[in-house]
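What follows is one structure encoded as structure tokens, with my remarks underneath.
Both counts, for ligands and for their atoms, begin at 1 and track the order of listing. Quick note: residue numbers are just sequence positions, from 1. Keep in mind that what you see is a predicted model, and the values were worked out from it rather than measured.
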Amino acid sequence: MARIYEGHLDARHLRVAVVASRFNGALSRLLLDGALDALRRHGAAEDDIVVAWVPGAFEIPVAARRLALSGEVDAVVCVGVVVRGETAHFEYVAGEAAGGIAQAALATGVPITLGVLTTETPDQAADRAGGKLGNKGAEAAMAAVEMANLMAALPKPVSEV
Ligand code: INI
């Protein structure tokens, strides 16, 4: 019989940080609210939730990495909104945010999930921040819970790479 590992969606006893960026702040706030609501609904205690605000999506990875290295959280959720219409350096901001988040997760071994929207227009972002396409902040929070529980269940590493 195969051994199957799966992370469950129980946030009780998990310590979770949410890094939120203030750029496009009203939309980011909706993603943050979605993430917090999802964590609470799955049993996270208020004292076990930390929120850190950063100026823009570009700054998310360094704050996420610091929180992951703190030993005080089991997972980090990142939320923010990058809209192409607003910047010529969309690719850099969006790319560095997503790449930096992935890099921070790999470097620390702590799950760090991506709830950063990258859209053509603010309306497309609104659709994904509690609108008709759901709330990607809530989805990122659930992914963080699942991954934190999976990481606790998986075999421990015998060496660092
Ligand atoms: N930051 C965002 O989070 N979203 C954006 O759409 C955006 N635009 O359009 O420029 C943005 N820029 C700021 C960037 O993230 C940094 O905060 C800034 O460059 C300072 O390092």
Q. Can you list the ligand 1 atoms lying under 4.0 Å from a non-hydrogen atom of V83?
A.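 What qualifies from ligand 1 is 6 (O).
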Q | Ligand-residue contact atoms, ligand 1 with V81, heavy atoms, under 4.0 Å | A | 2 (C), 3 (O), 4 (N), 5 (C), 6 (O)
Q. Do any nitrogen or oxygen atoms of P55 come within less than 3.5 Å of a nitrogen or oxygen of ligand 1?
A.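 No; the residue has no nitrogen or oxygen that sits under 3.5 Å from a nitrogen or oxygen of the ligand.
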Can any side-chain N or O of [X] pair as donor or acceptor with the backbone N or O of [Y] at less than 3.5 Å?
X: T119; Y: T121; result: yes
X: R15; Y: G71; result: yes
X: E59; Y: G56; result: yes

Q: Answer with side chain, backbone, both or neither: which part of N24 has a heavy atom less than 4.0 angstrom from an atom of ligand 1?
A: side chain
Q. How many angstroms lie between CG in D33 and OG in S28, if you round to the nearest 0.5 Å?
A.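 The distance works out to 10.5 Å.
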Between side-chain atoms of residues 134-155 and protein atoms elsewhere (two or more places apart, or another chain), which donor-acceptor pairs fall under 3.5 Å?
residue	atom	partner	partner atom	Å
N135	OD1	G137	N	2.8
N135	OD1	A138	N	3.1
N135	ND2	L30	O	3.0
K136	NZ	E139	OE1	3.3
K136	NZ	E139	OE2	3.3
N149	ND2	H8	O	2.7
N149	ND2	D10	O	3.0
N149	ND2	V145	O	3.2

Q. When you measure from atom 13 (C) of ligand 1 to each heavy atom in F90, Y92, F23, which option holds the nearest one?
A. F23
